[in-house]
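From a predicted model like this one, the values you see are computed outputs, not experimental measurements. Nothing fancy with the numbering, it's 1 onward along the sequence.
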Amino acid sequence: MVDTDSGWDGRGGRGRRGARDTRGARAADAIPGRRVAAVSLVALAALATGCGPGTATGAPEASPPVRPTQAAAPSPTRTAPVTDDAKPRTAPPPPSPSASTAPPAPAPDPTTARPAPEPSTAPPPRVLMRTGSESDRVRELQARLRQIGHFGRNPTGYYGSVTADAVRSFQAKRSLPVTGSTDEVTWQRLLAMTRVPKAAELRPPTERPLATPDERCLKGRVLCISKNSRTLAWMIDGKVVSAMDVRFGSEYTPTREGVFEVFWKSRDHVSTLYDTPMPYALFFSGGQAVHYSADFAANGYGGASHGCVNVRDKKKVAALFDQVRTGDKVVVYW
């Protein structure tokens with residue numbers, strides 16, 4: 001009979017070793033779990049060093065960590081939101097169709113900006129007379145300018161280039177705007193410096209003295225025209241009724257000399273050959289006539305006619321036109 005309480009029988013001994021074996025087996029059974037955990041740690045370590053983009057089996061998916069010294073690349077389909085620090089401190093620039101890396105233009109310094117000058121609201125002085133004007137006021141202007149040495153001839157009543165130059169000279173000497181036109185300021189300044197012109201100053205008989213009349217002028221009704229004195233005398237039976245300054249044609253278009261008669265009168269005539277006005281025309285030889293000339297009134301003896309006898313005093317030639325008849329004698333001489 002076997003003693004079951006002794007520890008030395010085969011089962012008891014094996015039982016204790018079995019107990020130890022059982023604890024060893026449990027420990028051995030625990031080793032594979034440790035190995036799995038170790039393998040997982042190795043896989044994570046490999047991912048942390050950037051070895052590959054894959055994830056460990058059985059581990060949750062996660063984006064690979066970014067190295068501290070390397071910036072993450074922007075997503076090709078998404079734009080990172082702009083933070084307040086990245087916005088300009090002034091108003092944001094308007095959207096542009098293409099991305100730009102240039103910084104916004106700096107705002108101008110308000111302390112250095114100069115305000116634009118305000119336009120003057122005062123209206124310019126009103127112009128009373130200008131080139132082309134013709135009146136008794138122009139005649140007075142010329143007479144007053146002559147009193148103070150700015151107009152070197154007799155008044156004609158026509159505002160031409162000579163008068164405009166005289167006005168410019170007056171304006172420049174008085175520090176006025178030099179325009180050549182007579183505005184209210186120029187006119188008032190001239191009135192303050194001069195006196196009222198006398199009748200003889202406004203309408204002198206001629207600028208040049210009359211020549212001794214040709215003997216052919218002493219009988220009848222005659223337009224007695226002297227090339228030497230450059231004057232015309234309207235005479236009836238040897239008496240001078242009126243006189244006026246005249247000019248003649250150039251050496252290429254000379255005024256004919258001799259005895260003629262008025263064959264046609266044309267009050268508002270215009271030259272068909274030169275397309276120029278010939279008011280108060282008294283034709284005496286072909287296309288040559290005694291008539292008023294605005295160019296002569298404006299420019300004096302600086303020019304010449306195309307063969308006609310030019311008169312620069314419009315009122316005098318207008319009165320002459322009314323008095324002369326067709327058939328009256330015309331004498332042109334030296």
Side-chain angles (χ1 to χ4, degrees), residues 114-209 230-232 242-247 267-268 276-280 291-305 310-322:
R114 297 181 178 179
E118 296 183 0
S120 175
T121 57
R126 183 168 61 97
V127 175
L128 304 177
M129 293 166 277
R130 57 165 56 90
T131 301
S133 300
E134 189 171 7
S135 65
D136 286 340
R137 180 183 270 186
V138 173
R139 188 180 293 274
E140 181 182 354
L141 168 72
Q142 294 166 336
R144 287 180 179 273
L145 287 171
R146 185 171 185 175
Q147 289 177 15
I148 54 178
H150 288 280
F151 191 75
R153 57 190 63 192
N154 285 342
T156 63
Y158 180 81
Y159 204 119
S161 60
V162 175
T163 304
D165 288 342
V167 171
R168 289 189 188 95
S169 174
F170 174 79
Q171 290 170 331
K173 190 169 183 179
R174 273 73 192 179
S175 301
L176 299 173
V178 181
T179 62
S181 297
T182 304
D183 54 37
E184 290 178 327
V185 175
T186 301
W187 180 242
Q188 292 301 323
R189 182 70 65 86
L190 181 62
L191 291 180
M193 297 180 62
T194 56
R195 55 174 172 79
V196 177
K198 299 177 180 179
E201 293 176 296
L202 293 172
R203 287 180 172 83
T206 59
E207 185 174 340
R208 300 174 178 276
R230 293 188 283 189
T231 58
L232 181 155
S242 64
M244 55 205 75
D245 298 328
V246 294
R247 73 176 183 181
R267 185 179 296 272
D268 299 308
T276 55
M278 298 171 56
Y280 308 109
H291 68 85
Y292 170 73
S293 169
D295 181 75
F296 183 28
N299 301 311
Y301 291 99
S305 74
N310 290 164
V311 180
R312 64 180 172 188
D313 192 317
K314 194 172 185 178
K315 286 191 174 181
K316 285 187 176 182
V317 74
L320 179 68
F321 182 87
D322 291 336

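Taking CG of Leu145 as the reference point, atom CG of Asp165 lies at 11.5 Å (rounded to 0.5 Å). Here the CZ atom belonging to Arg189 is positioned 8.0 Å from the OG atom belonging to Ser175, to the nearest 0.5 angstrom. Taking OH of Tyr158 as the reference point, atom CG of Asp295 lies at 8.0 Å (rounded to 0.5 Å). Within the model, atoms CE of Met193 and CZ of Arg174 stand 3.5 Å from one another, a figure rounded to the nearest 0.5 Å. Between the NE2 atom of His291 and the OG atom of Ser305 there is a distance of 6.5 Å, given to the nearest 0.5 Å.
Between Tyr280 and Asp322 there is no side-chain heavy-atom pair separated by less than 4.5 Å. Asp245 is not listed as a side-chain neighbour of Lys316, based on a closest heavy-atom distance of 4.5 Å or more. At least one side-chain heavy atom of Phe170 sits under 4.5 Å from a side-chain heavy atom of Ile148. A heavy-atom distance below 4.5 Å is not found between the side chains of Thr179 and Val127. Considering only heavy atoms from C-beta on, Leu128 stays 4.5 Å or farther from Gln188 through its side chain.
For the pair Arg247 (side chain) and Asn310 (backbone), a donor-acceptor distance under 3.5 Å is absent. Judged by distance alone, with hydrogens and angles left aside, the side-chain atoms of Thr186 form no donor-acceptor pair with the main-chain N or O of Thr182 at under 3.5 Å. Here the side chain of Tyr301 pairs a donor or acceptor atom with the backbone of Val246 at under 3.5 angstrom.
Closest heavy-atom contact between His150 and Ser169: ND1-OG, 2.9 Å. Of all heavy-atom pairs spanning Pro155 and Leu202, the tightest one is CB-O, 3.8 Å. For Val162 against Ala298, the heavy-atom pair with the smallest separation is CG2-O, 2.8 Å. The minimum heavy-atom distance between Phe151 and Ala166, with the atom names listed, is CD1-CB, 4.1 Å. The shortest heavy-atom contact between Ala297 and Tyr292 is CB-OH, 3.7 Å.
Results of the side-chain hydrogen bond (donor to acceptor under 3.5 Å, both in side chains) test with Arg144 over Gln142, Glu140, Gln147 single out Glu140 as the only residue that passes. Checked against Asn154 for a side-chain hydrogen bond (donor to acceptor under 3.5 Å, both in side chains), the options Glu201, Arg146, Arg203 give a single hit: Arg146.
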Check step by step if side chain to side chain contact (heavy atoms under 4.5 Å, CB included) holds for Val317 and Asp313.
CA-CA 6 Å; Val317 74; Asp313 192 317; over 6 Å; no
Step by step, would you call Thr156 with Thr163 a side chain to side chain contact (heavy atoms under 4.5 Å, CB included)?
CA-CA 10 Å; Thr156 63; Thr163 304; 5.6 Å; no
